[in-house]
S.K.: 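There's a structure below that I have some questions on.
One-based numbering along the sequence shown. All values below come from the heavy atoms of this structure, side chains included, with hydrogens, waters and symmetry mates left out.
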Amino acid sequence: MGEGLPQGRVLVTTVLVNLGLAGVVGAWSSLLWLRGAESPWAQGARERSWAALRAALGVTIAADALLLWMQAAYMAEVPLTSAVAILPTMVRQTYAGHAWAGGAAGLLLLAAALQGAAGRQCLTRLAVATIGIGVFVYSRAAVSHAGDQGLASTALLADGLHLWAISLWLGVVGIAAFVVLRVPQRQAAGDAAVAQWIGSLSRSATAALAVIVLTGVFNAWRGLGSPGHLVDSAYGNTLLVKV
């Protein structure tokens, strides 16, 4: 991709964008589940989720900007150092640039919703954050093959739901393991907020898995054309590895 641009760097950067998005969705979900809970455990979990959301957003913004830079180098067939000058033109005049700009607007909307203290999590702030995340997820789906069928196509909707569900499943599991339930706390013993949070986690992960399967089957049916292509196409082989 571009002159002297290893494809591995693009893959790593794309993975960072997706992991950042998963962290954003997971932390956002945790904050939704903690609304109204005022116990010491809930307050601590809210602070940690808020910090995780901001950190994940930072990773997502940085990786997404780097990915655009790499795409510009690829499209212009120039080294990365020479691609900076064409970034404005790419954003203004290309489909990939338009999709990136839409996603960037979503991230900025999310960043605006995260201004202020963690304790001030009114419904309006969470609603704005939800819109920002949704716009970014839609923009990421729009640059996939599903976007070729139009911005209002069933294929794009399915791809967006698939990405959202994957981010939700991976994000909530990661937030539980590394943020909210990382260290056992005595103050959590007997706290109803803990049981409620874990119950919400379980239901969300189960629902996300169901959506992943349903949209995955739809995408596989649309992308393969016939079962035989599972073994004689690159798409089919990749799908088998994912499954």
S.K.: Suppose we screen for side-chain contact (heavy atoms from CB on, under 4.5 Å). Which residues come up paired with Ser49, at least two apart in sequence or across chains?
M.R.: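 With sequence neighbours excluded, Ser49 shows a side-chain contact (heavy atoms from CB on, under 4.5 Å) to Ser30, Leu31, Leu34, Val180, given in chain and number order.
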
S.K.: With sequence neighbours excluded, tell me which residues meet side-chain contact (heavy atoms from CB on, under 4.5 Å) with Ser39.
M.R.: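 Listed in chain order: Trp41, Ala42, Asp191, Ala193.
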
S.K.: Using atom types as modelled, flag every donor-acceptor pair under 3.5 Å from a side chain in residues 162-176 to any protein atom, sequence neighbours excluded.
M.R.:
{"from": "His162", "atom 1": "ND1", "to": "Ile212", "atom 2": "O", "distance (Å)": "3.4"}
{"from": "His162", "atom 1": "ND1", "to": "Thr215", "atom 2": "OG1", "distance (Å)": "2.7"}
{"from": "Ser167", "atom 1": "OG", "to": "Leu163", "atom 2": "O", "distance (Å)": "2.9"}

S.K.: Who are the side chain to side chain donor-acceptor pair (under 3.5 Å) partners of Ser29, not counting sequence neighbours?
M.R.: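 Testing Ser29 for side chain to side chain donor-acceptor pair (under 3.5 Å), a comparison that skips the adjacent residues, returns none.
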
S.K.: Mind checking side chain to side chain donor-acceptor pair (under 3.5 Å) for Thr206 and listing every partner two or more places apart, or none if nothing turns up?
M.R.: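 By the side chain to side chain donor-acceptor pair (under 3.5 Å) rule, Thr206 matches no residue at all.
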
S.K.: Just wondering, more than 12 heavy atoms not from Gln196 lying within 6.0 Å of its CD?
M.R.: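 Open.
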
S.K.: Donor-acceptor pair, Glu47 side chain versus Gln43 backbone, under 3.5 Å?
M.R.: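 Looks like no, no N/O pair under 3.5 Å.
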
S.K.: Table please: side-chain donor-acceptor pairs of residues 13-20 below 3.5 Å, with sequence neighbours left out.
M.R.:
{"from": "Thr13", "atom 1": "OG1", "to": "Arg9", "atom 2": "O", "distance (Å)": "2.7"}
{"from": "Thr14", "atom 1": "OG1", "to": "Val10", "atom 2": "O", "distance (Å)": "2.8"}
{"from": "Asn18", "atom 1": "ND2", "to": "Thr14", "atom 2": "O", "distance (Å)": "3.4"}

S.K.: Test of understanding: with side chain to side chain donor-acceptor pair (under 3.5 Å), list the residues that count as partners of Trp33, not counting sequence neighbours.
M.R.: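 Counting only residues at least two positions away or on another chain, Trp33 forms no side chain to side chain donor-acceptor pair (under 3.5 Å).
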
S.K.: Transitive ILVMFWY cluster of Leu109 at side-chain heavy atoms under 4.5 Å: who else is in it?
M.R.: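 Direct or chained contacts put Leu109 with Val128, Ile131, Val135.
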
S.K.: Using the side chain to side chain contact (heavy atoms under 4.5 Å, CB included) rule, take Trp100 and Leu67 through it: C-alpha gap first, then chi angles, then the decisive distance, then the call.
M.R.: CA-CA 10 Å; Trp100 182 89; Leu67 188 59; over 6 Å; no

S.K.: Between side-chain atoms of residues 84-94 and protein atoms elsewhere (two or more places apart, or another chain), which donor-acceptor pairs fall under 3.5 Å?
M.R.:
{"from": "Thr94", "atom 1": "OG1", "to": "Met90", "atom 2": "O", "distance (Å)": "2.6"}
{"from": "Thr94", "atom 1": "OG1", "to": "Gly97", "atom 2": "N", "distance (Å)": "2.9"}

S.K.: Between Thr60 and Phe136, is there a side-chain heavy-atom distance shorter than 4.5 Å?
M.R.: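 A side-chain contact under 4.5 Å exists here.
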
S.K.: Ser200: which residues meet the side chain to side chain donor-acceptor pair (under 3.5 Å) condition with it, sequence neighbours left out?
M.R.: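 With sequence neighbours excluded, Ser200 shows a side chain to side chain donor-acceptor pair (under 3.5 Å) to Arg203, given in chain and number order.
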
